[in-house]
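Just so we're clear, the structure is a prediction, and the values are computed from it rather than from any experiment.
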Amino acid sequence: MIDLVENDISVEDYFYLRDKVNWKRLTDKQARLALSNCLFNVKAVDENGNILGMGRIVGDGAVISYVQDLIVIPEAQGKGIGSLIIERLIAYVKSLCEDGSEMMLCLMCAKGREPFYIKHGFAARPTESLGPGMIQYIA
């Protein structure tokens, strides 16, 4: 059984998950700020309380939000945990929308992960009307 726990990700949990998927190491300050400044986060835990994955929403909460740091540890991948997390994140953003309005929910996924997000209603860019996503790293 998998439980989703909202807004309760520790810095240690965050480091553990990032390490499990070989993501870049953050400083303690970066991790604390990332977690405290997001709009919403959720973690997936098993029946023993072991963390299996997480995701967070960042943005302004009114016009645009982003899925950030959707992580599922390798040994738990392919078991529907990522889908549980992304659906909870989407539900959170839907809860922010005012009647008669819409909000953009964006993300940047790792190469090869596009089918997962398309399955959950995201459109891969570029399209006929949208250009490619872009990025710049600031050091």
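- Residues Q30 and D28 have side chains not in contact (no heavy-atom distance under 4.5 Å, counting atoms from C-beta outward).
- Here the side chains of K20 and L17 are not in contact, with every heavy-atom distance at 4.5 Å or above.
- With values rounded to the nearest 0.5 angstrom, M54 atom CE is found 6.0 Å from L35 atom CG.
- Counting all heavy atoms, side chain and backbone alike, A44 lies closest to I85 at CB-CD1, 4.1 Å.
- The shortest distance between side-chain heavy atoms of S65 and V58 does not fall below 4.5 Å.
- Residues Q77 and V72 approach most closely at NE2-O, 2.7 Å, considering heavy atoms.
- Contacts classified as salt bridge (Lys or Arg N to Asp or Glu O under 4.0 Å) and involving residues 84-97 (residues at least two apart or in different chains) are given here: E6-R88.
- With values rounded to the nearest 0.5 angstrom, E47 atom CD is found 9.0 Å from M1 atom CE.
- Side chains of L96 and M103 form a contact here, defined as non-hydrogen atoms less than 4.5 Å apart.
- Residue pairs meeting the ring-ring contact (aromatic ring centres under 6.0 Å, His included) criterion with at least one partner in residues 19-68, sequence neighbours excluded, are F40-Y92.
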| Steps toward side chain to side chain contact (heavy atoms under 4.5 Å, CB included) verdict (D69, R18) | CA-CA 9 Å; D69 299 331; R18 291 180 67 90; 3.6 Å; yes

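- With hydrogens and angles disregarded, a donor-acceptor distance shorter than 3.5 Å links the side chain of N41 to the backbone of N7.
- In this structure, M108 and Q68 have side chains that are not in contact, with every pair of non-hydrogen atoms separated by 4.5 Å or more.
- Remark: I90 CD1 to I57 CD1 distance equals 8.0 Å, nearest 0.5 Å.
- To the nearest 0.5 Å, the span separating OG1 on T127 from CG on L130 amounts to 3.5 Å.
- A donor-acceptor pair is defined here as one N or O able to donate and one able to accept, closer than 3.5 Å; no such pair exists between the side chain of S101 and the backbone of C97.
- Taken to the nearest 0.5 Å, the CZ atom of F122 stands 4.0 Å off from the CG atom of L105.
- Smallest separation of non-hydrogen atoms from V21 and P74: CG1-CD, 4.1 Å.
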| query | Can F116 and H120 be said to form a side chain to side chain contact (heavy atoms under 4.5 Å, CB included), step by step? | reply | CA-CA 7 Å; F116 171 81; H120 292 285; 3.6 Å; yes

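- Two residues are said to be in side-chain contact when any heavy atoms from C-beta on lie closer than 4.5 Å; L70 and I86 meet this criterion.
- With sequence neighbours excluded, the residues that form a side-chain hydrogen bond (donor to acceptor under 3.5 Å, both in side chains) with D46 are N50.
- Here the side chains of V5 and V42 are not in contact, with every heavy-atom distance at 4.5 Å or above.
- Residues forming a salt bridge (charged side-chain N to carboxylate O under 4.0 Å, His left out) with D19 (at least two apart in sequence, or on another chain): R25.
- Around the CG atom of N48, the shell of radius 6.0 Å holds more than 12 heavy atoms that belong to other residues, nucleotides or ligands.
- When every heavy atom of P132 is checked against every heavy atom of P126, the shortest pair comes out as N-CB, 3.8 Å.
- Between I64 and C106, the closest heavy-atom pair is CD1-SG, 4.0 Å.
- Applying the ring-ring contact (aromatic ring centres under 6.0 Å, His included) test to F15 and every residue at least two apart in sequence or in another chain returns nothing.
- I51 contributes atom CD1, which lies 7.0 Å from atom OG of S10 (distance to the nearest 0.5 angstrom).
- Considering every non-hydrogen atom in both D8 and K43, the closest pair reads O-NZ, 2.9 Å.
- The number of heavy atoms from other shown groups lying within 6.0 Å of CD (E75) is above 12.
- Listed by first and then second residue, the side-chain hydrogen bond (donor to acceptor under 3.5 Å, both in side chains) pairs involving residues 104-115 amount to none (not counting sequence neighbours).
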